[in-house]
Amino acid sequence: MLSPKLPKIFYGGDYNPEQWPEPVWREDVKLMREAGVNLVSVGIFSWARLQPNEKTYTFEWFDRVMDLLAENGILACVATATASTPAWMSKKYPDVLAVDAQGKTYYPGARQHYSPCSPTYRRLAAALVRRLAARYAKHPALAAWHINNEYGCHMSACHGEASTRAFRGWLRKKYRSLEALNEAWGTAFWSQHYYGWDEILTPRRAPYHPNPTQQLDFRRFMSDAFLELCVMERDILRAATPAVPITTNFMGFFEPLDYRRWARELDFTSWDSYPDPATGHAAEASAASGHDLTRSLKKDRPWVLMEQVTSQVNWRPVNVLKRPGVMRLWSLQAIARGADGVMFFQWRASLGGAEKFHGALVPHAGTKQSRVFREAKALGAEVRMLGPVIGSLVRSRAAIAMDWNAWWGVGLDSRPGRINYAATLAEFHRYFFERNIAVDFVHPGEDLGDYDLVVAPALYLLAAKDAANLERFVARGGVFLTTYFSGIVDENERIVPGGYPADLRRVLGLWVEEWSPCVEGETKRVRFAKEGRTVACSHWCDVLHLEGAKALATYAEDFFAGTPALTVNEFGRGAAYYAGTKFETEDLARVLDGVCERAKVAPVLRAPKNVEVTLREKDGGRFLFLLNHGVQPASVALGGFAGVDLLTGGRVRGTVKLEPLGVRVVAVDGGSARAGTGE
Ligand code: GAL
């Protein structure tokens, strides 16, 4: 269980009482109870109200909020309030303000304008957190800590003086000597050699491509700089309240922060999921990938959906509404994929400020006439019924290997062609999502012993030790697939010479001589040997040579006609596949079907299109989730699964019917059913 004080699925949301007069708070807690809310994230943007100047703190109003929550049996995920600095602070200490790559300052007036490296920010944030921790350590409402809020969301790269100094310090620690830095950065190129640490700058506005390794190191540094803030707060909180769990809310596939490094420092992971209802079924696929990432970052425990919206957000050009039933379905989807908490931004819709058109549990009209509140209340009751799933985990035999360093590297300028790393990961994840095959996101260097299949699309930057890890995985019987532009550079963003993809050559049984990227809209033909089918490919064509691998498909045109486009290499006890080009979605799915079959990786159940199926497991319990994202009823044959539907109390076996947007959560009878077989 994530918080010893709250042995329930968390249900609630961001609560911003500072926006309301006190009589409204009393109505708030009454309505929270009515809606089944058991936890609120409180104080996220309260800094200005908690500290009117450097010397004065005004916690009394916050005490009253906490007391009121406790009196009403509602627990608090207390925020550290450091996400947005008060105006007095930057007036007194302008060094608190962040600066962009053009040298322009970010001013207060919105939020998150602070520099993560400002010593003043750090000092004042630490002082606030110390006081909060001391004041509420023993408060009966405190159930968890919520550090800051969405670090880096709007401002993720500061080039100010403090950041520049800190960057130099980070580089000194990493490289120890200037020679090592010059070598790693390849400064022999374009007269970039450094003779003193103080010559080094953050990659600021420059006439042409800044040094790529400098850019890469800057991204690593910035991710670490924000993480240092988080760890600083974490340490203060942990010292004051060793038993109270700590989190900060992630943003899923958020490029600036290497969440893998972050997750280790937290007690549980959480994230804010805002799929766009306008994108149809892509919305639930995209939410699923964020859920799977958040879960994979801390595989041994459930996670929390810290924010989502009840109805519609305010920050897209057109903010499409979640239709009736969608909020419920998508909330239960998070639980299906391993969440033990379903929370919202925010509790009560604001009357003023930039987010007044953002949905909330309590809309502007109040609750009486509100569809949203009715749905929220019904969901609160259902979430309560799902208590038995607490602590259970989703177990995957398939994994997608991904690395923030590869993401940052492949996204740098001056590449042979553009590769959208996040979109590529999403495309591969969607295959597993649609097939209802449980999948994790892993680092290529981590222990892969839990997996039978690892796919690693566009793993451009790959350290030799991580390549060796993948090779060992295959040698021991794993099935591996990677794609073009993988294993091209080392961790310093330097080419590994002698034929691409150098450190993966042996396991793949091939080498790539050159690549021929396609222009937008251009396609080539590829012929699959066994099936005798010719299909279109696009984006990129590797020209490769076999060194033991077997061609499964060959190009059917251009000067490289007849050369391999898709290969497999038997290696040790396993097999390694390589796709040198981009296949259309259905063709990729066929390829991956073959790869899964080879790895004996199977769906939880075979279900009709748009029906999502997952399984959560723990000692003494297995829970089968069936979610119909379609607008038509659907029938699912349960195979060997049978049990009790936790939402209705009814027994289910054989074939179950799902209403449009319908959900079943089956506590599976002990005994025969096994994940991946349904038998
Ligand atoms: C999140 C943020 C919240 C709120 C919400 C609106 O990114 O953490 O404070 O702004 O978005 O969707």
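Owing to the predicted nature of the structure, the values given are computational and were not obtained by experimental measurement. One-based numbering along the sequence shown. Numbering of ligands and ligand atoms starts at 1, following listing order.
- Taking only nitrogen or oxygen atoms, main chain and side chain alike, Asn314 does not reach within less than 3.5 Å of ligand 1.
- Here the side chain of Asp403 pairs a donor or acceptor atom with the backbone of Asn405 at under 3.5 angstrom.
- The shortest heavy-atom contact between Ile335 and Leu386 is CD1-CD1, 4.0 Å.
- Polar contact check, Glu355 against ligand 1: a nitrogen or oxygen pair lies under 3.5 Å apart.
- Here atom 1 (C) of ligand 1 lies nearest to Glu307 when heavy atoms of Glu307, Met251, His154 are compared.
- Remark: ligand 1 and Asp14 share no N or O pair separated by less than 3.5 Å (distance only, no angle test).
- Residue Phe45 has at least one heavy-atom neighbour below 4.0 Å for each of these atoms of ligand 1: 9 (O).
- Heavy-atom separations between Arg111 and ligand 1 include at least one value shorter than 4.0 Å.
- In this structure, Arg348 forms a cation-pi arrangement with Trp20, its terminal cationic atom sitting closer than 6.0 Å to the ring centre and no more than 45° off the ring axis.
- Ligand 1 places these atoms under 4.0 Å from at least one heavy atom of Glu150: 1 (C), 2 (C), 7 (O), 8 (O).
- A side-chain hydrogen bond (donor to acceptor under 3.5 Å, both in side chains) with Trp347 holds for exactly one of Asp14, Asn16, Asp28; it is Asp28.
- Asp63 has a carboxylate O that lies under 4.0 Å from a charged side-chain N of Arg135, or vice versa, which qualifies the two as a salt bridge.
- Salt-bridge check for Arg238 with Asp267: passed, with a basic side-chain N closer than 4.0 Å to an acidic carboxylate O.
- Residue, atom and distance of the protein heavy atom nearest to atom 6 (C) of ligand 1 are His358 NE2, 3.1 Å.
- For ligand 1, the atoms closer than 4.0 angstrom to any heavy atom of Asn149 are 2 (C), 8 (O), 9 (O).
- Of the candidates Arg260, Arg234, Lys298, Arg234 is the only one forming a salt bridge (charged side-chain N to carboxylate O under 4.0 Å, His left out) with Glu265.
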